[in-house]
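Structure, as structure tokens:
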Amino acid sequence: MLAFAGYAQSSAKAKSDESQEKKAAEWAASLNLNDAAKEKRVAAVIAEHLKTIRDWHNEHPYTTVPAGINPATGNKLSELDRQVIANSAMPAAVHENLMNGLRKDLTEEQVEAILDKY
């Protein structure tokens with residue numbers, strides 16, 4: 001049974017990876033770069049970022065943040081509050097890697113066009 005669960009998880013991740021790569025390729029193609037090598041590099045940077053974000057969310061659910069109160073309001077933290085806190089703990093390098101990778105091949109306007117798709 002454990003082997004099947006591992007296979008199912010592996011299969012689901014492979015399917016998700018494929019979906020992220022397809023999305024990244026579409027986003028890169030939308031820029032009409034007219035340079036296949038550049039488009040491929042941009043798509044690779046985007047796909048890596050999308051996968052990293054997905055993996056972070058999967059590995060850091062809201063339950064990793066203790067239930068408690070919001071010190072600013074005194075209200076109990078909601079699941080959404082806790083997810084925002086977990087997401088905000090993502091290393092800055094994740095965003096920096098995306099921006100550095102995009103800026104190697106794109107103008108600032110093209111970088112903004114990609115960021116708008118998130």
Side-chain angles (χ1 to χ4, degrees):
M1 191 66 157
L2 287 176
F4 178 74
Y7 172 77
Q9 285 178 332
S10 175
S11 178
K13 185 166 182 180
K15 186 173 182 179
S16 179
D17 282 352
E18 185 178 309
S19 174
Q20 300 300 344
E21 289 165 6
K22 181 180 180 209
K23 183 187 296 187
E26 290 170 358
W27 290 4
S30 75
L31 297 173
N32 300 312
L33 297 174
N34 299 317
D35 181 332
K38 185 184 286 191
E39 186 175 310
K40 187 174 180 176
R41 288 191 304 270
V42 168
V45 168
I46 296 168
E48 182 64 29
H49 186 258
L50 290 171
K51 292 176 202 177
T52 300
I53 297 295
R54 176 209 55 212
D55 293 345
W56 178 270
H57 287 288
N58 290 341
E59 295 164 8
H60 299 85
Y62 79 93
T63 55
T64 61
V65 176
I69 62 166
N70 179 331
T73 65
N75 296 331
K76 182 178 176 186
L77 291 173
S78 68
E79 286 182 17
L80 179 59
D81 292 331
R82 293 166 66 196
Q83 187 63 61
V84 168
I85 293 167
N87 291 346
S88 70
M90 188 178 309
V94 172
H95 180 69
E96 291 167 5
N97 291 343
L98 172 68
M99 298 305 290
N100 291 337
L102 293 176
R103 287 181 173 139
K104 285 180 184 176
D105 284 304
L106 303 177
T107 65
E108 284 303 310
E109 292 78 22
Q110 290 169 322
V111 170
E112 287 298 321
I114 293 299
L115 296 179
D116 287 345
K117 295 185 181 297
Y118 276 86

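We're numbering straight along the sequence, starting at 1.
Here the shortest heavy-atom pairing between Lys117 and Ser30 reads CE-OG, 3.1 Å. Considering every non-hydrogen atom in both Ala43 and Ala24, the closest pair reads O-CB, 3.3 Å.
In this structure, Glu21 CD and Ser19 OG are separated by 9.5 Å, a value rounded to the nearest 0.5 Å. Separating the CG atom in Asn87 from the CD atom in Gln83 is a distance of 4.5 Å, to the nearest 0.5 Å. Distance CG/Asp105 to NZ/Lys38: 5.5 Å, rounded to 0.5 Å.
Looking at Thr52 and Asp55, their side chains never bring a donor and an acceptor atom within 3.5 Å of each other. Side-chain atoms of His49 and Asn97 include no donor-acceptor pair closer than 3.5 Å.
The side-chain heavy atoms of Val84 and Val65, taken from C-beta on, include no pair separated by under 4.5 Å.
Counting Ile, Leu, Val, Met, Phe, Trp and Tyr side chains that sit under 4.5 Å apart, directly or through other members, Leu33 shares a hydrophobic cluster with Trp27, Leu31, Val42, Val45, Ile46, Leu50, Leu98, Met99, Leu102, Leu106, Val111, Ile114, Leu115, Tyr118. Annotation for Trp56: hydrophobic cluster partners, listed by chain and number, are Ile53, Met90, Val94 (ILVMFWY side-chain heavy atoms under 4.5 Å, direct or chained).
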Side chain to side chain contact (heavy atoms under 4.5 Å, CB included), that's the test. Do Arg54 and Asn58 meet it? Break it down for me. CA-CA 6 Å; Arg54 176 209 55 212; Asn58 290 341; 3.7 Å; yes

Apply the test side chain to side chain contact (heavy atoms under 4.5 Å, CB included) to residues Gln20 and Glu48: give CA-CA distance (whole Å), side-chain angles for both, the deciding distance (0.1 Å), then the verdict. CA-CA 8 Å; Gln20 300 300 344; Glu48 182 64 29; over 6 Å; no

